[in-house]
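Below, each value reflects all heavy atoms present in this structure, side chains not excepted, and no hydrogens, waters or symmetry copies.
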Amino acid sequence: QGQLVESGGGLVQSGGSLRLSCAASGFTLDPIAIGWSRQAPGKEREGVSCISRTDGRTYYADSVKGRFTISRDNDKNTVYLQMNNLKPDDTAVYYCAADSGMTWYGSAYVLGENKYDYWGQGTQVTVSS
């Protein structure tokens, strides 16, 4: 049974940086996509970024383009989300998610379509103004 464990959240001032990590384990096959979503209080969950297993293609939500970078270390089965120039609007619980299927859905992972079938427990990111 696949498992995702996030780490790296915390409290940071506006303009600061954080790096989130998502360690994947227990998957029979490496997930075709791993990504990050976030949910702020009183708001719907939104896709943030995703990365392909096969060729490293990445997608980002418009709200984080140019500030966030997703990457993966296949040897460590870990996906990272480097978040720079953080803003108070980035405050949310960040969830790592994985798609264990066989089809790559590209931008759908960050456009509100839930293509993931595994989720982590979430890590809190708080950005103070």
Side-chain angles (χ1 to χ4, degrees):
Q1 186 75 0
Q3 185 177 16
L4 303 169
V5 179
E6 304 101 331
S7 60
L11 172 65
V12 65
Q13 289 187 333
S14 181
S17 298
L18 283 174
R19 188 176 80 157
L20 305 183
S21 300
C22 173
S25 63
F27 289 92
T28 302
L29 293 175
D30 287 343
I32 196 166
I34 291 184
W36 295 89
S37 296
R38 67 186 182 185
Q39 188 166 21
K43 295 185 178 180
E44 293 188 354
R45 187 173 58 198
E46 63 172 344
V48 174
S49 182
C50 67
I51 187 166
S52 165
R53 176 198 71 202
T54 55
D55 58 8
R57 277 177 293 172
T58 59
Y59 285 92
Y60 297 92
D62 288 343
S63 58
V64 306
K65 281 181 182 176
R67 299 188 298 120
F68 290 11
T69 303
I70 191 169
S71 61
R72 65 187 299 163
D73 184 333
N74 289 334
D75 290 339
K76 295 181 178 180
N77 292 321
T78 300
V79 171
Y80 304 97
L81 186 68
Q82 178 66 44
M83 305 185 295
N84 297 329
N85 191 22
L86 283 160
K87 305 174 181 180
D89 284 349
D90 294 318
T91 296
V93 177
Y94 284 70
Y95 297 91
C96 179
D99 178 0
S100 66
M102 302 298 290
T103 302
W104 164 251
Y105 290 104
S107 62
Y109 293 110
V110 296
L111 291 178
E113 301 178 42
N114 184 14
K115 300 297 186 183
Y116 299 115
D117 54 350
Y118 288 89
W119 291 85
Q121 82 286 354
T123 185
Q124 176 71 46
V125 172
T126 303
V127 185
S128 63
S129 57

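For the side chain to side chain contact (heavy atoms under 4.5 Å, CB included) test, residues two or more places apart in sequence or in another chain that qualify with S52 are T54, D55, R57, W104. For S25, the side chain to side chain contact (heavy atoms under 4.5 Å, CB included) test picks out Q3, with sequence neighbours left out.
Using a distance-only test at 3.5 Å, with no hydrogens or angles considered, no donor-acceptor pair links the side chain of Q39 to the main chain of A92. At distances below 3.5 Å, at least one donor-acceptor pair connects side-chain atoms of E6 with backbone N or O atoms of G122.
With a 4.5 Å cut-off on side-chain heavy atoms, Y109 and I51 do not count as touching. Side-chain contact check for Y60 versus T69: some heavy-atom pair is nearer than 4.5 Å. Contact annotation: the side chain of S7 never approaches that of T123 to less than 4.5 Å [non-hydrogen atoms, C-beta and beyond]. Taking the side chain as every heavy atom from C-beta outward, R38 and D90 approach each other to under 4.5 Å. Between W36 and C50 the shortest side-chain heavy-atom distance does not fall below 4.5 Å. Looking at V125 and L20, their side chains come closer than 4.5 Å, going by heavy atoms from C-beta outward.
One finds the CD atom of Q13 at 5.0 Å from the OG atom of S128 (value rounded to the nearest 0.5 Å). Here the straight-line distance linking atom OH of Y118 with atom OG of S100 works out to 5.0 Å at 0.5 Å rounding. Distance OG/S49 to OH/Y59: 11.5 Å, rounded to 0.5 Å. Put simply, OG1 on T58 and CZ on R72 are 12.0 Å apart, with the number rounded to the nearest 0.5 Å. The NZ atom of K115 lies 9.0 Å from the OG1 atom of T103; values are rounded to the nearest 0.5 Å.
Nearest approach of G35 to Y116, heavy atoms of both residues: CA-OH, 3.4 Å. The nearest pair of heavy atoms linking I34 to A98 is CG1-CB, 4.0 Å. Nearest heavy atom pair, residue N114 against residue R45, reads ND2-NH2, 4.0 Å.
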Hey, can you pull the donor-acceptor pairs under 3.5 Å for the side chains in residues 75-87, sequence neighbours left out?
{"from": "T78", "atom 1": "OG1", "to": "K76", "atom 2": "O", "distance (Å)": "2.9"}
{"from": "Q82", "atom 1": "NE2", "to": "N84", "atom 2": "OD1", "distance (Å)": "2.9"}
{"from": "N84", "atom 1": "OD1", "to": "S17", "atom 2": "OG", "distance (Å)": "2.9"}

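The hydrophobic cluster containing L4 does not contain I70, counting ILVMFWY residues as joined when their side-chain heavy atoms lie under 4.5 angstrom apart, directly or transitively.
In this model, no donor atom of one side chain and acceptor atom of the other lie less than 3.5 Å apart for Y105 and D99.
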**Request:** Report the C-alpha separation of Q124 and L11 in whole Å, then their side-chain angles, then the decisive distance to 0.1 Å, and conclude whether the side chain to side chain contact (heavy atoms under 4.5 Å, CB included) test is met.
**Result:** CA-CA 8 Å; Q124 176 71 46; L11 172 65; over 6 Å; no
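Using bins of under 30°, 30° to 60° and over 60° for the plane-to-plane angle, the ring pair W119/Y95 lands in the perpendicular bin.
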